[in-house]
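All values derive from a computational prediction rather than experimental measurement. Protein chains get the first letters and strands the later ones, always in sequence-line order, with residue 1 at the start of each.
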Number of protein chains: 2
Amino acid sequence: MAKITVLGAGVMGSALAVPACERNEVTLVGSPIDDSIIRELQAGRHHPTLDVMLPSGILAVRANELQAEHLLQADVIIFGVSSPGIPWALDLLHRFSVRPNMLALVTKGLIAGRAADDTPLTYAQAISQANTNPEARVVGIGGPCIAKELALKIPTRVTFGAHRESVADELRTMLQTDYYRVATTEQFTELEACAALKNFLCIGVSAMIGAYKHDDGYAKNPVAGLFNQAVHEMFTLSRWISNSQESSAIKNSADLPAAFDLPGLGDLHVTVGGGRNSRLGRYLGEGAILQDVMQTTLKGVTVEGVDTGRQLLPGFRKACHDGILHSADLPLTQRILACIENNEPFAFDFCDLPQ
Amino acid sequence: MAKITVLGAGVMGSALAVPACERNEVTLVGSPIDDSIIRELQAGRHHPTLDVMLPSGILAVRANELQAEHLLQADVIIFGVSSPGIPWALDLLHRFSVRPNMLALVTKGLIAGRAADDTPLTYAQAISQANTNPEARVVGIGGPCIAKELALKIPTRVTFGAHRESVADELRTMLQTDYYRVATTEQFTELEACAALKNFLCIGVSAMIGAYKHDDGYAKNPVAGLFNQAVHEMFTLSRWISNSQESSAIKNSADLPAAFDLPGLGDLHVTVGGGRNSRLGRYLGEGAILQDVMQTTLKGVTVEGVDTGRQLLPGFRKACHDGILHSADLPLTQRILACIENNEPFAFDFCDLPQ
C-alpha cells in the first residue's frame, strides 16, 4: 500500500483517485477553485461535477487544509489539475519544499519553446525544469480516459510513459485495476506531445461533423478521412517535438510510435466523440469563426486545443521555414492554426491532403 | 476519356460510377439480382437502394443486356459487387474471354488458404489466380467510403493499391475528383487484407457500444480502447497475410503500413460507425449469441466480417500453433473467432489486453 496524493479535485483528478484508492491510501487535494467540490465530498455526497459517489476511502481536503505531510509523505504526487491549475500545483511543491519520489501528470499541454529552435516543450518537460524533481521520476499518463467513465469503473486502457520503463512499471503496480488497464512505454515526450496535440487536432476532425450534416446526423467519410490525417500529423509533430531523429522500425505492435497507440489514435477517438475541443470544432465546421465562438457560446470555457495551438505556432512556423517540417504534409495543422491565428474560416479542402 | 465498366449495380458499384463518370464513359452492369435497380435507372429514376439520382451520363445495363463490347472495349473493369457476386463477375470474364487491361476491386474478403501454411488469401490474390489476368494489373481500392455519401459527392479519401504504384496512379488519373481523393500504395496485399479484416474486427469494437450503455448513449472509453487494439491486430494480421517479413521503417507518414492508414484505421473508423458488421457487434455486446442473431434479427443478411472470420480461422489456428502468430497479442481476434466458431458470448475482458 502506497500513499498517493492527487492535486486537483476536478473531474480528472477525482476520477483517477478511484482506481488509485483500490490498494492505496489516497488524499485528494482540491485546488482553490475546488472548495465547493471538496465540501460535498467531505459531507459524504456525490462529486458534483462528476455526478458520481467516490469511494469513502478517499480523504478529501481543501487547499487551505493541506498539511505538509500530505505532500512530504506521499510516494506519488499526481497532478490532476487542468492546465490553468499547474502554477498552483507547482507553487505547493515549492512552498513545502517537496521533492516527490514520483510525480505523475494527467495535465497535458505545450509551451512555446524559448530555445534556439523554438520547438515547443511538453508540460512534463517544462515542469521538470521548473521543479527540482528529476525528469527521470516523472510519469506521463496518456490514452483514452473520459473521467466520468473511469469514476464509474467502466473499463479503459491507458499508457504510462517515463524515460525508463521501470519507473512507469512502478506506477502501474500501484494504480492498475481490472477496469483501469495500463500499458507502459519509454516514449515519454512523444506520449506527452500526443496527449496535447490530440486536443488541437480534434478541433479539425470534429469540424467535419459540423460541415457535412446528412440524414439527420452527419456524413462519416469526411470525419474518418481527417481522423486518419490527424493521426498522421500527430505522428509527424510528436516526433519533431520529441526530437526523434531515428526512423521507428516497427517489428510488432509493441514497438508502435505513441501516435499509433493509446496516447495518439486511441485518445483522439474519444476526444472527437465529445468535449470542449470537439464542440469548438463542430461550430467551426458549421462556418463559425473561432474568435466569435470563444466570445459567445464558449465564453469563459478553457478549450485546451486552442491553447496548444497558440503554443505550437511560433515553433511550427520556424520549423516549416527551416525545412524541418514540410507544411504540405500538415494541411490539417495549417488550417486549424489559420483559424486560431487569423480567425479564418476552417473550410478544409480535401484536395490539400498530400497525394 | 477512358471506358470504364462497373460490374454490380448495388450501392458500392453504383456509387463508384459517380466519380468515374466525371471524365469517362461509364457502363454500369447490374448483376442478375440487380435487375430492378437497373430498370429504375433506365427509367431515369433514383437508384432505389442508394436513394440518390445518378448522373445521366452513366449507361445502365441489365445482366442479360450485356454485350461483349462492354467488357472487351473497357480500359478498366471494376468489380463493384459484394462478395456473393464474385463468381458471377468472374464467370462473365470467362464467358466473353476478357483479359482486362486493368481490373479494380471494391469487393473485399479472405479465402482460407490451401497452401502448405494455410495462410488465407485476399480476394485479389484469389481472383488473379482464377482469372487469366496478371495480378500486376489488378488495383485494390481501400479506405473509408460509405457508398451513399460518395454518390452525394461528399468528400472522402481512399487508397488505390497495386504491385506497382504506377498502375495505381493510372487508375487515380481516371477516377480522382475534387470529392473522391486518392492516395496510392504498393502495399497491395496488405491493403486488401486490411479492407477485409476491418469488417471482422469491427464486430469486436462495436460490441463495446452494446456492452457499456451509459448516459442515454454508450461509454466511449471501451470503444476507443478496442479501436486501438483492432488497429494493432489488423497490423499484425495484415503483415502475416501479406507475408511481410521485413520490419517497416517509418520515416514519415508516406511510409505507413496500410493498417495505420486509410485502408486500416480510416476504414475501421467508418465501419464501426454503422453497417451490418457493427450491428452484429452491438448485439454481441449486449450478450447475444452470434448464431441466434444470424438466425433472427440478421437472418438472410450477409455480414462480411463473419465470412472473413470463418476464412481466417484455419490459417490463424495453424499460425498460432506454429508460433508464427502469438495468440496473446491477438485477444480481440481470439474473442471474435470464439463467437463465430463456438457460439461463445463475446464478453471481452480488458485484462486480456497485452501488457
- Note on the structure: Among A/Val223, A/Asp178, A/Leu262, the residue with the most heavy-atom pairs under 4.5 Å to chain B is A/Leu262
- Just give me the residue among B/Ala211, B/Gly266, B/Ala259, B/Ala183 that pairs up with chain A most often, heavy atom to heavy atom, under 4.5 Å. B/Gly266
- B/Val270 versus chain A, the contacting section by heavy-atom distance below 4.5 Å: both
- Contact part of A/Tyr212 toward chain B, heavy-atom cut-off under 4.5 Å: side chain, backbone, both or neither? side chain
- Item | Option that, when pairs with chain B are counted at under 4.5 Å, heavy atom only, ranks first among A/Gly225, A/Gly217, A/Ala224 | A/Ala224
- Task: Look at A/Gln229, A/Arg181, A/His326 and state which one has the largest set of heavy-atom pairs under 4.5 Å with chain B.
- Result: A/Arg181
- Task: Identify, with sequence neighbours excluded, every residue that meets salt bridge (Lys or Arg N to Asp or Glu O under 4.0 Å) alongside A/Lys108.
- Result: A/Glu192
- Task: Please work out which of the three classes, parallel, tilted or perpendicular, describes the rings of B/Phe227 and A/His269, given edges at 30° and 60°.
- Result: tilted
- Task: Could you have a look at A/Lys220, A/Gln176, A/Met208 and say which one has the most heavy-atom pairs with chain B under 4.5 angstrom?
- Result: A/Lys220
- Message: Could you check whether any side-chain N or O of A/His232 sits under 3.5 Å from a backbone N or O of B/Phe260, counting only pairs where one atom can act as donor and the other as acceptor?
- Response: yes
- Considering heavy atoms only, which positions within residues 141-158 of chain B lie below 4.5 Å of chain A? B/Pro144, B/Cys145, B/Ile146, B/Lys148, B/Glu149, B/Leu150, B/Leu152, B/Ile154, B/Pro155, B/Thr156, B/Arg157
- Under the criterion side chain to side chain contact (heavy atoms under 4.5 Å, CB included), which of A/Leu256, A/Leu265, A/Thr159 is the partner of B/Asn228? A/Leu265
